[in-house]
There are 2 protein chains.
Amino acid sequence: MMTPMARAATTSDVFNAIAEPQRREILVLLRAGERPVNELAQELGMTQPGASKHLRVLREVGLVRDRKAGKQRLYGLDARGLRPIHEWTGGFERFWNESFDRLDAYVQDLKQARQEE
Amino acid sequence: MMTPMARAATTSDVFNAIAEPQRREILVLLRAGERPVNELAQELGMTQPGASKHLRVLREVGLVRDRKAGKQRLYGLDARGLRPIHEWTGGFERFWNESFDRLDAYVQDLKQARQEE
DNA sequence: TCATCATATGCCCATATCGGCATGCGTCAA
DNA sequence: TTGACGCATGCCGATATGGGCATATGATGA
């Protein structure tokens, strides 16, 4: 029994949403203010459908909000969802600071355990 | 010409590496210190091959280092790669703080543009 | 040299993604 | 009402992933 259950949790969470380079670019652009889809697509060199799809993902995880403005639809940033990521990575801060010492000792070990590979 | 070029950049960058829940769990566990594969697999309830695969991804993006220790292979954290992400998200800090005001004004707009759907 | 333990890989299945393209849908102006 | 514009969707093709399982590889101790 048991369907092979390919891929586990993936879509629909902020970590995944910002794993895509173009989506990160969209977010950066939106810091300057709301923008209609076409403008975003043009400024980022992507097709309109392409922009719409990425915007959809961003909207589904709550990183952007949209509102109608005439024929256009303006997308705006809602960065609150990035905070958890900032905090999660922040939980490793002391480690990347310690890194010098730790890596140094680490490298020593490596030199002695030179039977590597 | 131009091969359809399906998926764009994905693997091999830190953003993608931490987009996987189990890989994030591994990183968290490693904050307590180096661990052999089997131990990680057990503590996280995954199979040994599964753990090895996730560790490989983490190693390829530089988030973990490994060294031999007898029959085992100890994996250790190298959090330096998380710093760029922490900083990238930090670039949005003023936005999630402003959020209250901005969203408030935003909601007003929405209420008036109630022809939404 | 030979079992045995600890890992890494290879392979297959099922699915998730991305991009490109065509098309549907809603809005506005003539 | 009609046509153009702006955007969202649907569909297809190519590929990346994840998990499960079997097996190759490396290292250790008898």
Side-chain angles (χ1 to χ4, degrees), chain A residues 1-13 15-26 34-61 64-75 113-117, chain B residues 1-13 15-26 34-61 64-75 113-117:
Chain A
M1 294 304 96
M2 278 250 87
T3 317
M5 146 111 44
R7 188 160 207 150
T10 309
T11 310
S12 289
D13 76 308
F15 278 95
N16 179 65
I18 66 167
E20 228 289 325
Q22 307 208 58
R23 287 198 284 263
R24 288 201 295 279
E25 290 183 53
I26 289 178
E34 294 179 316
R35 290 275 171 62
V37 180
N38 268 325
E39 206 172 303
L40 286 172
Q42 241 184 304
E43 293 186 53
L44 297 177
M46 37 183 165
T47 63
Q48 175 269 307
S52 278
K53 286 173 185 172
H54 283 310
L55 285 167
R56 176 177 181 157
V57 174
L58 292 172
R59 192 198 323 144
E60 292 179 339
V61 300
V64 300
R65 301 264 180 176
D66 63 296
R67 71 186 175 95
K68 281 189 177 177
K71 284 195 261 191
Q72 304 182 310
R73 182 166 284 272
L74 299 182
Y75 277 85
R114 259 317 179 210
Q115 48 229 128
E116 269 290 47
E117 181 162 18
Chain B
M1 293 312 92
M2 277 247 89
T3 317
M5 148 109 44
R7 189 158 206 154
T10 310
T11 308
S12 288
D13 76 308
F15 278 97
N16 179 67
I18 67 168
E20 228 290 327
Q22 309 208 57
R23 286 197 286 262
R24 287 201 296 280
E25 290 182 54
I26 289 178
E34 296 180 315
R35 290 273 171 64
V37 181
N38 268 325
E39 205 172 304
L40 285 172
Q42 240 184 304
E43 294 187 53
L44 297 177
M46 37 185 167
T47 63
Q48 175 269 307
S52 277
K53 286 173 185 172
H54 282 310
L55 285 167
R56 175 177 181 157
V57 174
L58 292 173
R59 191 198 323 144
E60 292 180 338
V61 301
V64 302
R65 299 264 179 176
D66 64 296
R67 71 185 175 95
K68 283 190 176 179
K71 285 197 260 190
Q72 304 183 309
R73 183 166 282 273
L74 299 182
Y75 277 85
R114 260 318 179 208
Q115 48 229 129
E116 269 289 47
E117 185 154 13

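What you see below is based on every heavy atom in this structure, not just the backbone, and it leaves out hydrogens, waters and symmetry mates. Treat the numbers as computed from the prediction; the structure is a model and nothing was measured. Numbered from 1 within each chain, the chains take letters A, B, ... in sequence-line order.
- Comparing A:Gly50 and B:Lys71 by the nucleotide of DNA chain C whose heavy atom lies nearest to each, the residue mapping closer to the 5' end is B:Lys71.
- Remark: B:Arg73 is not in phosphate contact with D:dG26, judged by side-chain N or O atoms under 4.0 Å from OP1 or OP2.
- Contact between the side-chain N/O atoms of A:Tyr75 and the OP1/OP2 oxygens of D:dA8 is found at a separation under 4.0 Å.
- Here the side chain of A:Arg23 pairs a donor or acceptor atom with the backbone of A:Ala17 at under 3.5 angstrom.
- Protein atom NE2 of B:His54 is 6 Å distant from nucleotide atom P of D:dG18, rounded to whole Å.
- If you measure from atom CD of B:Glu60 to atom P of D:dA16, you get 13 Å, rounded to the nearest angstrom.
- One can place CZ of A:Arg35 at 17 Å from C1' of D:dG6, the figure rounded to the nearest angstrom.
- If you check distances only, the side chain of B:Lys53 does reach the base of C:dG10 with a donor-acceptor pair under 3.5 Å.
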>> Show, in sequence, the C-alpha distance, side-chain angles and deciding distance for B:Leu55 and B:Leu40, and conclude whether the side-chain contact (heavy atoms from CB on, under 4.5 Å) test is met.
In response: CA-CA 10 Å; B:Leu55 285 167; B:Leu40 285 172; 3.9 Å; yes

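- Nucleotide C:dG26 holds its P atom 19 Å from the CG atom of A:Leu74, rounded to whole Å.
- The interatomic distance linking A:Gln72 (CD) with D:dC5 (P) rounds to 13 Å, in whole Å.
- Side-chain contact between A:Gln72 and A:Glu39 is absent, with no heavy atoms from C-beta onward closer than 4.5 Å.
- The side chain of B:Arg56 contributes an N or O atom lying less than 4.0 Å from OP1 or OP2 of C:dT9.
- The side chain of B:Gln22 approaches D:dG19 more closely than any other nucleotide in the set D:dC21, D:dT9, D:dG19.
- Looking at A:Arg67, its side chain never comes within 3.5 Å of a backbone N or O of A:Leu74 through a donor-acceptor pair.
- Panel note: side chain A:Arg59, backbone A:Val64; no donor-acceptor pair is recorded below 3.5 Å.
- In the region residues 36-47 of chain B, proximity to DNA chain D at under 4.0 angstrom, judged on heavy atoms, holds for B:Thr47.
- Within the nucleic acid shown, B:Gln48 comes within 4.0 Å of at least one base atom, counting heavy atoms only.
- Remark: B:Glu25 engages B:Leu44 in a side-chain contact (heavy atoms from CB on, under 4.5 Å) (not counting sequence neighbours).
- Put simply, the side chain of B:Gln48 reaches to within 4.5 Å of the side chain of B:Ser52, judged on heavy atoms.
- Atom pair A:Leu55:CG and C:dC18:C1' shows a separation of 15 Å (rounding to whole Å applied).
- Between B:Asp66 atom CG and D:dA27 atom C1' there is a gap of 15 Å when expressed in whole angstrom units.
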